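Values below: all heavy atoms of this structure, side chains included; hydrogens, waters and symmetry mates excluded. Every chain is numbered from 1, with letters handed out A, B, ... down the list of sequences. Quantities reported herein were computed from a predicted structural model and do not represent experimental measurements.
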Number of protein chains: 2
Amino acid sequence: MSRVLIVEDDRHIRELIVLHLGLEGLACTAVGDGHEALALAGETAFDLVVLDLMLPGVDGLTICKALRHGGPNEDVPILMLTARREESDKVLGLESGADDYLAKPFGVRELVARARALLRRPRASVLRAEAAAHSAGAAGLDERPLAIHGMEIDPARRRVRIAGQDVELTAQEFRLLHVLASHPGIVFSREALLSRVWSDQTFVTPRSVDTLVKRLRRRIEADPATPARILTVWGAGYKCADV
Amino acid sequence: MSRVLIVEDDRHIRELIVLHLGLEGLACTAVGDGHEALALAGETAFDLVVLDLMLPGVDGLTICKALRHGGPNEDVPILMLTARREESDKVLGLESGADDYLAKPFGVRELVARARALLRRPRASVLRAEAAAHSAGAAGLDERPLAIHGMEIDPARRRVRIAGQDVELTAQEFRLLHVLASHPGIVFSREALLSRVWSDQTFVTPRSVDTLVKRLRRRIEADPATPARILTVWGAGYKCADV
DNA sequence: CGGGGCTGTGACAAAACCGTGGCGACGGAC
DNA sequence: GTCCGTCGCCACGGTTTTGTCACAGCCCCG
């Protein structure tokens with residue numbers, strides 16, 4: 001049974017990695033802090049390290065070099081993650097001792113495939129986690145038009161009108177609005193929205209929901225600074241205002 | 001770093017368990033097949049086994065007995081899961097060597113709390129107390145609204161109303177209220193509340209529970225000095241007043 | 001009725017959380 | 001090829017929430 005150490009400060013991505021590698025039969029340990037990672041790696045030998053390049057405090061590169069410098073994980077394969085696709089980062093990562101490199105956002109399959117390749121273990125996969133993944137695809141969203149807060153939302157035509165005026169929305173903004181407006185008052189966590197609005201299974205930070213909300217508010221709120229339609233629920237998520 | 005073996009055929013439950021235990025810093029290995037579980041357990045020593053009673057192929061009880069029969073996991077704590085709440089199943093499970101028992105549907109927080117408790121090898125009395133709290137009603141992240149003491153608590157809307165008036169609560173206050181109000185009359189120790197209300201693996205002083213109770217009372221009690229809803233049980237903890 | 005724990009409370013610092021602008025990457029249109 | 005719309009991520013700053021502490025008050029017990 002292989003042991004995998006995951007160093008990633010974003011909790012959501014950490015969750016996804018632990019989940020999918022764990023389901024592959026790997027023993028996953030996840031930490032969000034560089035110091036903790038070094039402490040763990042100093043006393044336990046791992047078979048693979050998944051390492052985020054961008055970390056608060058101790059840098060991913062520093063960890064990479066520290067691992068290579070000696071100790072029980074001197075020769076451990078390192079899979080490096082980063083938000084940036086730039087070649088310079090890649091070179092930097094590989095030079096500091098990483099064995100493979102993956103840029104966010106990336107798909108689960110790719111991560112698992114690369115982890116497996118690094119582990120060089122031709123073991124029969126126990127389960128196929130991806131099988132039912134696409135069940136959420138087109139299903140789930142209602143096609144009926146709905147009206148709320150002076151907005152007319154027509155899913156079939158993918159059109160929104162406010163005060164008789166057509167409002168241009170991107171596909172993603174529309175999906176978000178539709179999910180929220182279909183359940184006024186119900187609070188959706190960022191994770192819930194990720195699974196409903198982002199159809200494909202990619203690693204996306206929950207904070208990206210904030211960005212999408214910001215962009216949606218710019219379009220449908222009279223004053224985006226004091227939203228009346230899409231409300232923030234502190235510590236929980238977002239909701240469409242009750243009637 | 002503790003190793004946990006999870007044997008569960010339902011993919012979603014497997015995911016949940018791996019995710020949350022993995023985030024607790026535990027090394028999780030998940031399998032959906034009984035044969036695979038026995039093969040793994042025959043060669044590796046685990047610190048905890050989470051075992052589903054109902055499995056296709058090799059039965060959970062069979063696995064339980066096989067583990068106890070000898071090998072590297074002879075004395076491993078076993079947390080048994082089942083879809084049925086019936087007493088006969090429980091007895092069967094405990095007799096075959098399980099250390100604790102959890103009926104589906106169960107809350108994630110509760111699972112984590114019990115897993116940690118088993119890893120800590122707690123006194124039997126603690127276990128009994130938690131079991132009593134559990135049997136008193138549905139546990140964890142229940143989405144069903146409930147009404148008690150003139151309060152309407154709606155988890156999906158994250159809303160509390162007293163006498164028709166909306167009461168603003170922070171996320172933490174809401175979780176505390178929900179845990180207590182879901183089990184009226186049941187006394188929760190500060191430690192029990194810490195594991196249920198504080199989702200993260202953060203280490204927080206039990207006295208912080210007092211502060212949270214104070215803040216909650218300020219919002220939902222007519223006179224916070226003489227609480228009628230959230231009661232102090234001297235030397236034990238807190239409870240929601242019985243009806 | 002006095003003492004030794006428990007618990008309630010206010011204040012403060014630390015942490016978490018959210019809004020926002022901006023940057024780079026990607027992909028389609030032309 | 002270039003331009004442009006979209007998208008994800010990050011960093012910064014303001015705001016809210018939350019953990020801790022110290023001290024006062026309370027309860028139970030002898």
Fill in the blank from the handout: Among C:dT7, D:dG19, C:dT20, the one nearest any side-chain atom of B:Thr232 is C:dT7
Practice task
Just call it for B:Arg207: base, sugar-phosphate, or nothing, with non-hydrogen atoms closer than 4.0 Å on any strand.
Solution key: base
Exercise for the section: Check every atom of C:dT9, C:dG8, C:dG19 against the side chain of A:Tyr238 and return the nucleotide holding the closest atom. Expected result: C:dG19
Handout entry: Between D:dG8 (C1') and A:Leu193 (CG): distance, integer Å
Key = 16 Å
Handout entry: Contact under 4.0 Å: B:Gln172 side-chain N or O vs D:dG19 OP1/OP2
Key = yes
Exercise for the section: When you get a sec, tell me which of C:dG10, D:dT20, C:dT20 is the closest nucleotide to the side chain of A:Ala225? Expected result: C:dT20
Handout entry: Pair B:Arg161 + B:Asp154: basic N to acidic O under 4.0 Å
Key = no
Problem - Side chain of B:Trp234 - closest among C:dT9, C:dG5, C:dC18 - result: C:dG5
Exercise for the section: Grab the CZ-C1' distance between B:Phe203 and D:dT20 for me, whole Å please. Expected result: 17 Å
Practice task
For A:Thr211, report the nucleic acid contact type (base, sugar-phosphate, nothing); a contact means any heavy atom under 4.0 Å.
Solution key: base
Practice task
Could you state the atom-to-atom distance from CG of B:Leu212 to P of D:dT17 in whole Å?
Solution key: 13 Å
Exercise for the section: Measure the distance from CZ on A:Arg217 to C1' on C:dG21 and round it to the nearest whole Å. Expected result: 16 Å
Handout entry: Validation row: A:Val179, A:Phe188 side chains within 4.5 angstrom (heavy atoms)
Key = yes
Practice task
For the residue pair A:Thr232 and A:Arg217, confirm or rule out a side-chain donor-acceptor distance under 3.5 Å.
Solution key: yes
Exercise for the section: Report yes if the side chains of A:Arg3 and A:Val76 come closer than 4.5 Å at any heavy-atom pair, otherwise no. Expected result: no
Problem - Min side-chain heavy-atom separation A:Leu193-A:Leu180 under 4.5 Å - result: yes
Practice task
Give one of base, sugar-phosphate or nothing for A:Arg219, where a contact means two heavy atoms less than 4.0 Å apart.
Solution key: sugar-phosphate
Handout entry: Min side-chain heavy-atom separation A:Leu146-A:His178 under 4.5 Å
Key = yes
Exercise for the section: Scan B:Ser208 against the nucleic acid and name what it touches under 4.0 Å (heavy atoms): base, sugar-phosphate only, or nothing. Expected result: base
Practice task
Quickly work out the B:Arg175 CZ to C:dA16 P distance and round it to whole Å.
Solution key: 13 Å
Practice task
Look at the side-chain N and O atoms of B:Thr205 and state whether any lies under 4.0 Å from the OP1 or OP2 oxygen of D:dT20.
Solution key: yes
Exercise for the section: Would you name the heavy atoms of B:Arg158 and A:Trp234 that are closest together and state the gap between them? Expected result: NH2-O, 3.8 Å
Problem - Donor-acceptor pair (no angle test) under 3.5 Å: B:Arg215 side chain, D:dG19 base - result: yes
Practice task
Round to the nearest Å and state the distance from A:Asp9 atom CG to C:dA16 atom C1'.
Solution key: 14 Å
Completion exercise
Whole-Å distance, B:Leu216 CG to C:dT9 C1', equals 15 Å
Practice task
Kindly indicate whether the side chain of B:Tyr238, heavy atoms from C-beta on, has any atom under 4.5 Å from the side chain of B:Leu176.
Solution key: no
Practice task
In whole angstrom, give the distance that lies between atom CG of A:Asp210 and atom C1' of D:dC12.
Solution key: 14 Å
Fill in the blank from the handout: Per-helix bend value, the helix from C:dC1-D:dG30 to C:dC30-D:dG1, C1' rotation axes over five pairs per end, 10° rounding, shows 30°
Exercise for the section: Would you kindly check whether a donor in the side chain of A:Thr170 faces an acceptor in the base of D:dC7, or vice versa, at under 3.5 angstrom? Expected result: no
